[in-house]
There are 2 protein chains.
Amino acid sequence: MAGKIHLDNIDQKILSYLIKNARMPFLEIARECGISGAAIHQRVKKMEDAGIIDGSRLIVKPKALGYDVCAFVGVSLIQTSYYTEAVEVIKRIPEVVECHFVTGDYAVLLKIYCRDNDHLLDVLVNTVQKIPGVARTETLISLDQAFERQVYVKDKKTAKTSKKGTAAKEENE
Amino acid sequence: MAGKIHLDNIDQKILSYLIKNARMPFLEIARECGISGAAIHQRVKKMEDAGIIDGSRLIVKPKALGYDVCAFVGVSLIQTSYYTEAVEVIKRIPEVVECHFVTGDYAVLLKIYCRDNDHLLDVLVNTVQKIPGVARTETLISLDQAFERQVYVKDKKTAKTSKKGTAAKEENE
DNA sequence: CATGAAAAGTTATTGGT
DNA sequence: ACCAATAACTTTTCATG
């Protein structure tokens with residue numbers, strides 16, 4: 001929604017902070033950027049309205065909730081045309097945290113969290129494989145998730161912490 | 001880090017709200033749960049200390065930042081033993097947002113965001129395939145990411161919004 | 001786009017049950 | 001584990017440059 005909006009260095013800096021900590025106070029960001037809190041507020045609102053920012057999430061460690069198994073599941077469909085319908089069903093499977101339509105051997109790639117292998121088996125056999133249009137599945141179990149992060153935003157060090165009115169003068173559109 | 005902590009219904013309810021909106025005020029959560037803001041604060045802190053909560057993130061739409069291509073890349077290693085070393089290199093590739101050690105044909109599965117196909121090709125050929133230990137790669141391009149979300153937390157409707165001191169009485173450990 | 005100032009709201013802390 | 005009270009801080013809005 002909403003077309004391209006140009007993000008200047010301050011916008012990028014704001015994002016780079018909030019991507020790491022969504023609860024970082026705007027005033028603290030303001031101090032880092034050398035502009036007022038109200039300006040941060042306006043910029044964040046603008047980025048939300050433009051659809052650049054799509055909310056925020058607390059990150060919970062799946063293992064702490066008892067989800068010890070993470071797997072990627074490639075799902076082949078009888079026909080590609082089943083995709084839209086299948087997605088609606090997949091959305092209702094709580095164990096699935098991600099769903100993609102991909103090129104290659106499968107049509108759909110899922111990321112799934114389960115309590116254990118039995119639970120995974122149950123989800124695969126009794127839920128995924130019963131979705132209309134699903135031909136077969138192939139499962140890759142993640143033995144180690146080395147990291148997970150947001151897309152890269154330039155974290156320019158240009159606008160230094162400055163008491164008054166320095167910085168904030170890079171390339172305002 | 002820290003062992004198993006039992007999460008009661010209120011803890012789960014707190015998580016279920018913050019997973020959807022990391023900036024939801026604790027006081028608002030408190031009103032929803034029928035307990036005080038201080039109690040929410042204490043519970044969240046406890047869950048942070050226990051390692052259940054692993055920070056928070058602003059969600060930015062990759063397309064809005066000019067990342068139009070999302071791909072999963074299966075990476076085969078000459079020997080599994082290269083994994084640890086490879087991860088250290090992979091971590092420094094900004095386009096990679098996720099990295100897993102997986103069972104099956106590949107050893108490593110990456111999720112990558114790029115500006116366009118040229119950019120993806122560049123990352124694959126000039127970066128990923130030059131990592132020590134990497135034998136070959138197989139790329140699945142995501143043509144549509146239907147959804148992405150956090151792991152499922154029970155969102156019990158038990159503790160209703162109540163002015164005073166109802167609720168908050170489920171199964172406190 | 002920016003700002004400062006004011007009002008309203010929130011967070012973090014403390015002391016008590 | 002909880003609460004109420006408090007002090008410090010933050011968010012949000014608005015008139016203004």
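So that the names make sense, note that chain A is the first sequence line, chain B the second, and so on, each numbered from 1.
Listed pair Lys46(A) / dC1(C) meets the phosphate criterion, a side-chain N or O lying under 4.0 Å from OP1 or OP2.
The closest side-chain heavy-atom distance from Ile131(A) to Val75(A) is not below 4.5 Å. Between Leu7(B) and Leu15(B) the shortest side-chain heavy-atom distance falls below 4.5 Å. Residues Gln145(B) and Cys99(A) form no side-chain contact, since every pair of their non-hydrogen atoms from C-beta on lies 4.5 Å or further apart.
Between Ile35(B) atom CD1 and dT11(C) atom P there is a gap of 14 Å when expressed in whole angstrom units. Going from atom CD1 of Ile40(B) over to atom P of dT10(C) covers 13 Å, rounded to whole Å. As rounded to whole Å, 18 Å separates atom C1' of dT12(D) from atom CZ of Arg43(A). Going from atom CG of Asp49(A) over to atom P of dC1(C) covers 12 Å, rounded to whole Å. Between the CD atom of Glu48(A) and the C1' atom of dT12(D) there is a distance of 13 Å, given to the nearest Å. Atom P of nucleotide dC1(C) and atom CD1 of Ile14(A) are separated by 11 Å, given to the nearest angstrom.
Other residues, nucleotides and ligands place more than 12 heavy atoms under 6.0 Å from the CZ atom of Arg149(B).
Each end of the helix from dC1(C)-dG17(D) to dT17(C)-dA1(D) gets its own rotation axis from five pairs of C1' atoms, and the angle between them is 30° to the nearest 10 degrees.
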Got a list of protein N/O to nucleotides 8-11 of chain D N/O distances below 3.5 Å?
{"from": "dT11(D)", "atom 1": "OP1", "to": "Phe26(A)", "atom 2": "N", "distance (Å)": "3.4"}
{"from": "dT11(D)", "atom 1": "OP1", "to": "Arg23(B)", "atom 2": "NH2", "distance (Å)": "2.7"}
{"from": "dT11(D)", "atom 1": "OP2", "to": "Phe26(A)", "atom 2": "N", "distance (Å)": "2.8"}
{"from": "dT11(D)", "atom 1": "OP2", "to": "Leu27(A)", "atom 2": "N", "distance (Å)": "3.3"}

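Side-chain N/O atoms of Glu95(A) and His119(A) include a donor and acceptor closer than 3.5 Å. Donor-acceptor pairing under 3.5 Å is recorded for the side chains of Tyr17(A) and Glu32(A).
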Could you walk me through whether Asp144(B) and Tyr83(A) satisfy the side-chain hydrogen bond (donor to acceptor under 3.5 Å, both in side chains) test, starting with their C-alpha distance in whole Å, then the side-chain angles of each, then the deciding distance to 0.1 Å, before giving a yes or no?
CA-CA 10 Å; Asp144(B) 176 50; Tyr83(A) 175 65; 2.6 Å; yes

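In the hydrophobic cluster analysis, where Ile, Leu, Val, Met, Phe, Trp and Tyr join through side-chain heavy atoms closer than 4.5 angstrom, Leu124(A) is grouped apart from Tyr106(A).
Across all strands shown, Ala38(A) has heavy atoms under 4.0 Å from base atoms, whether or not it also approaches the sugar-phosphate.
Between Glu98(A) and Lys111(B) a salt bridge is recorded (basic side-chain N to carboxylate O distance below 4.0 Å).
In terms of polar N and O atoms assigned as donor or acceptor, the side chain of Gln42(A) comes within less than 3.5 Å of the base of dT3(C) in a complementary pairing.
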